[in-house]
Amino acid sequence: MRIRAREITFAVDFGPAFLKIEAMADAIRIRDLRKDFRLGFVPRTHKILKGITFSVREGEIFGYLGPNGAGKTTTIKCLLDLIRPDAGTIEIFGLSHFAPRSREPLGFLPENPYFYDYLTAREFLAFTADLFGLGRTERDGRIARLLALVGLERAADLPLRKYSRGMLQRAGLAQSLVNDPKLVILDEPLGGLDPLGRKEIRDIIVRFKEEGRTVFFTSHILQDIEMICDRVAIIVGGRIVKEGALRDLVSERVLFTEAVVAGLPPEAFAGIGESVSAQGDRVLIRILDEAKVDEALDLVLRRRGRLLSLSPRTETLEDIFVETVTRT
Amino acid sequence: MRIGAIAGITFKEAKRDRVLYLLFFFAALGILASRVLAILTVGDRLKIIKDVGLASIAVFGVLMAILIGTGLVYKEIDKKTIFTLLAKPIRRAEFILGKFLGLVLTLFVMTAAMTAIFLAIVFAHTLEVEGALLVAVAYIFLELVLVTAVAVLFSSFSTPILSSLFALAFYLIGHLSWGLKLILAKMAPGPGRALVRALYTVLPDLENFNFKTEVVHGLPIPPGIYLPSLLYGLCYTAFILGLAILIFRRRDFI
Ligand SMILES: Nc1ncnc2c1ncn2[C@@H]1O[C@H](COP(=O)(O)OP(=O)(O)O)[C@@H](O)[C@H]1O
Ligand SMILES: [Mg+2]
């Protein structure tokens with residue numbers, strides 16, 4: 001199915017545009033990636049990745065979503081050549097991932113950032129810059145800019161072991177940007193952060209896109225992810241179960257409507273919707289059938305109740321996620 | 001240059017290790033004790049100073065190489081700092097070489113410091129500087145370089161404790177294997193002799209780097225021995241590092 005869709009795009013765009021497609025290779029192209037681990041005292045084979053296929057297009061924000069243990073980090077480790085896959089191919093901007101050069105246009109933030117904790121943020125960034133062979137003047141200028149970008153200027157000369165979780169995350173982001181990467185790979189960038197921290201990282205991800213970078217990130221929490229992703233893939237148990245643009249995956253369909261009513265007993269709504277909870281004289285009603293929404297409103301008017309709120313719930317990524325995860 | 005950056009960070013890390021200073025303290029103690037020992041004994045006091053001093057440098061140098069060397073690669077994997085590092089455009093060979101060179105630099109500094117104390121003690125006794133002592137120290141350092149490579153090799157696939165035992169075994173075998181050479185000289189030609197010959201070729205012979213006896217007793221060192229010993233050390237080190245890289249390249253970092 002997926003392959004056919006790709007062929008169609010090619011057929012339509014054939015002609016002069018074909019060259020453009022060639023020039024704009026996908027940022028990441030993973031084909032049939034497989035990996036087994038042999039673990040335990042008496043080694044048993046665990047299939048971790050069971051044939052992963054997807055592509056990340058240049059310039060987009062791509063969310064790689066799935067529950068804990070689905071294989072997201074393993075996929076990234078294969079891509080970075082930290083783990084050798086048993087089968088399959090990975091290309092980064094058209095280069096095989098086995099070539100160290102394929103990692104030149106790439107920035108990476110690991111899952112729980114672990115860095116040399118005896119270095120200060122400034123020393124650590126300088127070390128990273130040296131790995132890319134940046135000249136001294138270029139290096140110092142860029143480090144100053146990155147520290148400002150992630151808001152660590154005042155902590156720059158503190159050893160990393162004194163950093164909080166959120167500060168480490170930001171030092172990690174700065175480190176991933178040292179080489180001005182075209183592709184940024186973030187493993188659970190929102191993990192373990194408070195709401196404010198999550199918003200900051202989200203804003204930075206959006207800024208990356210505006211700067212023309214491709215962003216590939218993983219998450220097992222979907223809350224407030226969907227507004228920033230262009231496309232997502234959902235991985236469950238080492239298999240991709242859904243992939244595509246968010247608007248194609250999430251329908252506009254109304255799942256149910258929630259009404260909060262005051263001044264009426266819950267029994268009044270029998271046959272219209274189920275009363276979910278009651279608090280004081282307020283009742284929360286969930287109406288599954290869209291046609292019955294009017295009926296509920298009529299009832300409230302007739303019996304002189306008060307309508308406090310009425311909200312249709314459309315399908316979210318979370319619904320799809322829960323549905324696919326429970327199904328598999 | 002990338003190797004240099006990794007070596008630099010390794011040096012920085014090794015420098016922070018308390019074990020290093022503990023061993024250095026004992027080495028210095030050993031060297032100073034040789035002076036006391038010399039005073040308490042009759043006979044050639046200078047010989048005792050030289051003997052105990054050089055032995056201190058050799059033994060504590062090797063302990064430094066093993067105890068720090070076996071931890072360095074392992075720590076990178078255990079603390080997961082290696083993920084960020086290898087995600088850069090770095091070859092795994094560069095990582096191993098950087099780690100190795102960083103440790104060699106550390107040992108160079110430590111050996112230089114131990115030697116300074118040693119030479120000062122000798123100078124206090126003789127009031128003259130002896131070049132031959134530096135030659136002996138240089139070959140001890142070459143031995144340390146080889147042992148460092150061995151430590152890095154074992155730590156690329158094993159825990160620090162096991163690696164330390166393996167590396168220690170390598171060191172001991174290396175100092176006993178010359179016995180095979182003696183046996184070899186007395187054996188009649190045949191399959192048995194070929195076996196011992198093969199064994200001797202494979203096993204390290206660290207006595208090649210040992211000029212202590214000559215230096216201590218003021219015997220002349222045959223000039224023809226310097227170069228082969230140097231080449232032996234360098235080739236063996238290169239071989240061990242190659243092996244380490246080969247093993248390390250096949251590893252998964254999960
Ligand atoms: N170091 C490891 N030891 C044992 N099992 C592991 C290890 N790393 C990953 N796994 C297994 O691989 C699977 C996928 O892990 P991972 O890729 O980290 O998942 P995710 O990042 O999606 O949470 C998990 O089920 C886990 O059991
Ligand atoms: Mg993970």
Side-chain angles (χ1 to χ4, degrees), chain A residues 35-39 46 48 73-74 76-86 92 95 97-119 123-124 126-135 139 159-161 171-172 175-176 178-179 181 185 187, chain B residues 1-21 68 71-99 101-103 105-106 156-157 159 162 245-254:
Chain A
K35 180 69 188 178
D36 298 345
F37 282 166
R38 262 166 291 281
L39 295 168
H46 296 258
I48 304 294
T73 302
T74 307
I76 291 184
K77 283 186 183 168
C78 286
L79 187 134
L80 296 171
D81 200 20
L82 291 167
I83 289 180
R84 301 276 148 95
D86 297 324
I92 303 169
L95 275 179
H97 80 294
F98 285 125
R101 249 185 61 213
S102 72
R103 295 193 289 280
E104 264 164 28
L106 196 145
F108 168 56
L109 173 69
E111 185 164 5
N112 297 302
Y114 302 99
F115 306 123
Y116 304 102
D117 56 5
Y118 51 90
L119 294 184
E123 286 169 338
F124 180 52
F127 166 63
T128 310
D130 287 345
L131 291 177
F132 285 102
L134 293 185
R139 184 184 86 175
L160 294 174
R161 107 182 77 85
Q175 142 317 116
S176 73
V178 160
N179 56 330
I185 296 177
D187 197 0
Chain B
M1 166 187 59
R2 288 186 297 236
I3 296 179
I6 297 172
I9 208 104
T10 306
F11 179 61
K12 237 181 217 169
E13 181 172 358
K15 215 168 62 175
R16 295 179 63 258
D17 203 324
R18 295 215 180 88
V19 171
L20 195 64
Y21 299 102
I68 306 214
L72 277 180
V73 175
Y74 180 82
K75 238 187 278 174
E76 289 264 359
I77 300 169
D78 189 49
K79 295 197 170 174
K80 306 188 178 178
T81 47
I82 198 167
F83 293 164
T84 331
L85 193 52
L86 290 186
K88 308 282 184 267
I90 288 174
R91 288 171 196 284
R92 293 195 182 178
E94 292 174 312
F95 174 82
I96 290 287
L97 291 179
K99 282 278 148 193
L101 289 178
L103 195 57
L105 180 63
T106 313
S156 67
F157 63 85
T159 61
L162 274 182
I245 289 168
L246 219 61
I247 292 173
F248 198 66
R249 270 168 54 173
R250 308 171 67 95
R251 267 199 74 148
D252 277 350
F253 299 104
I254 55 174

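Proteins come first, then strands; the chains are lettered A, B, ... in the order of their sequence lines, and each starts at number 1. Reckoned from all heavy atoms, side chains included, excluding hydrogens, waters and symmetry mates.
- Residues forming a ring-ring contact (aromatic ring centres under 6.0 Å, His included) with Phe115(A) (at least two apart in sequence, or on another chain): Phe124(A).
- Heavy-atom distances place no part of Ile3(B) under 4.5 Å from chain A, backbone and side chain included.
- Summarising the geometry of Pro89(B) relative to Pro100(A), their closest heavy-atom pair is CB-O, 3.3 Å, with the distance given to 0.1 Å.
- Between chain A and the residues Ile6(B), Ile9(B), Leu86(B), Ile82(B), the most heavy-atom pairs under 4.5 angstrom are made by Ile9(B).
- Contact count versus chain B (heavy atoms, under 4.5 Å) is highest, among Val178(A), Leu80(A), Leu82(A), for Leu82(A).
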Are there any donor-acceptor pairs closer than 3.5 angstrom between chain B and chain A, and if so, which ones?
| residue | atom | partner | partner atom | Å |
| --- | --- | --- | --- | --- |
| Glu13(B) | OE1 | Tyr118(A) | OH | 3.2 |
| Glu76(B) | OE1 | Tyr116(A) | OH | 3.0 |
| Glu76(B) | OE2 | Tyr116(A) | OH | 2.8 |
| Leu86(B) | O | Arg103(A) | NE | 3.2 |
| Lys88(B) | O | Arg103(A) | NE | 3.0 |
| Lys88(B) | NZ | Gln175(A) | OE1 | 2.5 |
| Ile90(B) | O | Arg103(A) | NH2 | 3.0 |
| Arg92(B) | NH2 | Asp81(A) | O | 2.6 |
| Arg92(B) | NH2 | Leu82(A) | O | 3.4 |
| Arg249(B) | O | Arg84(A) | NH1 | 2.7 |
| Asp252(B) | OD1 | Arg84(A) | N | 2.8 |
| Asp252(B) | OD2 | Lys35(A) | NZ | 2.6 |
| Phe253(B) | N | Leu82(A) | O | 2.8 |

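- Considering only heavy atoms from C-beta on, Leu85(B) comes within 4.5 Å of Phe127(A) through its side chain.
- Heavy atoms closer than 4.5 Å to chain B are found nowhere in Leu79(A), neither backbone nor side chain.
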